[in-house]
Structure formats: structure tokens, C-alpha cells
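Data first, discussion second: the structure below is written as C-alpha cells.
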Amino acid sequence: MSVEQSDEAHLKSLVKFTALSFRTPRPVPFGALIVDSQTGETLMRARNAVAVENDPSSHAELRTVRLACKKRKSYSLQGYTLYSTCEPCPMCMANALWAGLDRVVYGATIEDANRHCRQIQIPAEELARRSDMKCIVTGPVLRELCYTLFTHPRMLAAFATWGTRKETA
């Protein structure tokens, strides 16, 4: 299986996992998955839990990195790849860099997310480029599929309650 095929397979699996949140009272479009870069074996996955945990840092990527590091009993995730349904925000991308992840692969873009909720408009690739820590950023991959998480009727209803819609002049 090629890298592109592997990336697509992991993202498809992650979209299905993330979509399970639509069956809960607090649906989210943000999910993350960490896999071994060589074998593709899953280490950890999680969804955004900002509202559930009342913690603005409980983004899917951060939660997945935290849980993966605890599982490995190490602060390093060198040798692993992070998949995200959406381009990581600056906080999440910085965390990926500090964790030493080999790669970050994302689906929907920050601009896609910003149609529905506030975002910090700094691309993940720019953070990686401006860092002295090496991490390959790949995306968007399966952008349209990942964006369906944002446009699902349950998610659109949830966005209306978030109070984080982008203000327009």
C-alpha cells in the first residue's frame, strides 16, 4: 500500500470514528489518530472534548498526543504520524512539534472550519517551517470527506449553540 493509500485509509477510519460523536449530545467534527509511521498500527485516537471537559485545550490532537504519551510512558512520539480530520490549529501543531511526531496529515482546512467556528489563521505547515523541529505536514487529504463532518445536520445544529460563529462586518 502506498503512503497516499495508507493516509486515505487512516483518514477514512478516523472520519467514521469522529462521526460516532453525532450520536451523542455533544457532536464534534474534530478527531485525531496516532499511528506507528512504519507499521501503521494504531496507538491512540480521540475526539475534541472542549465542551465535555470544560477545557479550551481539549482539542482532538492534544488529547490524542497526551493519551499516546501516557500509554507509551514517554513524552516523545518520534516514529509516529498524527492524522486529523481538520488542519491542526497553532496550539495543536505546536504540540505535535514538541512531541516529535514524524508527520501530520489532515483532511479539512482551517478555512473550512472557520466557516463554522472561530479559528486562528496560521497554517500548520507554516508553524512546522518556522520551527527547528522536523515534522512533515501533508494536507489536505480527503478534504471533501472530512468536511462532511462539519456539514452534517447534527453538527450544524451544534455549531449554532457554540456561540463561536465568525463575526461578519
Side-chain angles (χ1 to χ4, degrees), residues 7 10-21 26-37 42-72 74-143 145-150 155 158-159 162-166:
D7 288 347
H10 287 304
L11 275 173
K12 285 177 183 177
S13 168
L14 181 57
V15 167
K16 287 179 184 176
F17 169 75
T18 305
L20 292 174
S21 78
R26 302 244 175 132
V28 293
F30 303 103
L33 166 71
I34 294 176
V35 304
D36 184 295
S37 296
T42 295
L43 175 63
M44 190 60 59
R45 65 184 182 180
R47 290 182 288 265
N48 178 297
V50 169
V52 172
E53 296 177 358
N54 294 308
D55 180 352
S57 71
S58 286
H59 289 199
E61 300 91 340
L62 246 72
R63 292 184 74 235
T64 306
V65 166
R66 285 178 185 149
L67 292 166
C69 287
K70 284 180 183 177
K71 183 175 182 178
R72 294 191 70 237
S74 173
Y75 59 83
S76 174
L77 292 174
Q78 186 175 4
Y80 290 87
T81 296
L82 171 74
Y83 291 89
S84 180
T85 58
C86 187
E87 183 175 4
C89 74
M91 173 180 69
C92 293
M93 188 61 212
N95 188 47
L97 291 166
W98 286 114
L101 286 156
D102 297 343
R103 298 176 63 222
V104 169
V105 180
Y106 67 88
T109 66
I110 289 173
E111 292 79 17
D112 294 331
N114 195 223
R115 292 182 191 133
H116 305 281
C117 56
R118 294 179 298 178
Q119 294 293 312
I120 298 172
Q121 301 288 328
I122 301 173
E125 192 170 347
E126 182 177 342
L127 259 71
R129 181 178 48 78
R130 294 177 68 173
S131 168
D132 63 358
M133 295 169 262
K134 186 179 178 192
C135 181
I136 298 166
V137 178
T138 304
V141 174
L142 297 179
R143 181 180 182 178
L145 175 64
C146 291
Y147 187 63
T148 65
L149 294 168
F150 290 82
M155 197 61 242
F159 281 134
W162 283 17
T164 61
R165 289 197 178 267
K166 187 171 124 181

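Given the structure is predicted, the values throughout are model-derived calculations rather than measurements.
Listed for the Thr81 side chain is no donor-acceptor partner under 3.5 Å among the backbone atoms of Val35. A donor-acceptor pair under 3.5 Å is absent between the side-chain atoms of Arg143 and the main chain of Tyr147, judged by distance alone. In this structure, Asp112 contributes its side chain and Thr109 its backbone to a donor-acceptor pair below 3.5 Å.
Every residue two or more places apart in sequence or in another chain that forms a side-chain hydrogen bond (donor to acceptor under 3.5 Å, both in side chains) with Ser84 is listed here: Glu61. A search for side-chain contact (heavy atoms from CB on, under 4.5 Å) contacts involving Ile136 returns Arg103, Thr138, not counting sequence neighbours. Gln78 meets the side-chain hydrogen bond (donor to acceptor under 3.5 Å, both in side chains) test with no other residue; sequence neighbours excluded. Applying the side-chain contact (heavy atoms from CB on, under 4.5 Å) criterion to Arg26, with sequence neighbours excluded, gives Ala51, Val52. Qualifying side-chain hydrogen bond (donor to acceptor under 3.5 Å, both in side chains) partners for Thr64, counting only residues two or more places apart in sequence or in other chains: none. Under the rule for a side-chain contact (heavy atoms from CB on, under 4.5 Å), Lys134 has no partner lying at least two apart in sequence or in another chain. For Ala113, the side-chain contact (heavy atoms from CB on, under 4.5 Å) criterion is met by Phe30, Cys86, Gln119, Phe150, not counting sequence neighbours. Partners of Arg129 by salt bridge (Lys or Arg N to Asp or Glu O under 4.0 Å), not counting sequence neighbours: none found. The side-chain hydrogen bond (donor to acceptor under 3.5 Å, both in side chains) test applied to Ser57 returns Asp55, Arg66, not counting sequence neighbours. Every residue meeting the salt bridge (Lys or Arg N to Asp or Glu O under 4.0 Å) condition with Arg63, not counting sequence neighbours, appears here in chain and number order: Glu53. By the ring pair (Phe, Tyr, Trp, His ring centres under 6.0 Å) test, Tyr80 pairs with no residue at all, sequence neighbours left out.
Shown here for Ala158 and Pro27, the closest heavy-atom pair between the two residues is CB-CG, 3.7 Å. The shortest non-hydrogen separation linking Ala128 to Cys135 is CB-O, 3.8 Å. Pairing each heavy atom of Leu11 with each of Val141, the nearest pair is CD1-O, 3.4 Å. The two residues Ser37 and Asp102 have their closest heavy-atom pair at OG-OD2, 3.0 Å. Taking every heavy atom of both residues into account, Arg47 and Phe17 meet most closely at NH1-O, 2.7 Å.
One finds the CD atom of Gln121 at 4.5 Å from the CG atom of Asn114 (value rounded to the nearest 0.5 Å). Here the CZ-NE2 distance, from Phe159 to His116, works out to 5.5 Å after rounding to the nearest 0.5 Å. To the nearest 0.5 Å, atom CG of residue Leu145 and atom NZ of residue Lys16 are 9.5 Å apart.
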| Criterion side chain to side chain contact (heavy atoms under 4.5 Å, CB included) on Leu43 and Asp36, from CA distance to verdict | CA-CA 7 Å; Leu43 175 63; Asp36 184 295; over 6 Å; no
Cut-off 3.5 Å, no hydrogens considered: what does the side-chain donor-acceptor table look like for residues 87-99, sequence neighbours left out?
residue, atom, partner, partner atom, Å
Glu87, OE1, Ile110, N, 3.1
Glu87, OE2, Ala124, N, 2.9

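A heavy-atom distance below 4.5 Å is found between the side chains of Leu77 and Ile34. For the pair Leu127 and Val137, the minimum side-chain heavy-atom distance is 4.5 Å or more. Put simply, the side chain of Tyr106 does not reach to within 4.5 Å of the side chain of Cys146, judged on heavy atoms.
Screening Leu33, Leu82, Asp7 for a side chain to side chain contact (heavy atoms under 4.5 Å, CB included) with Val105, the sole residue that qualifies is Asp7.
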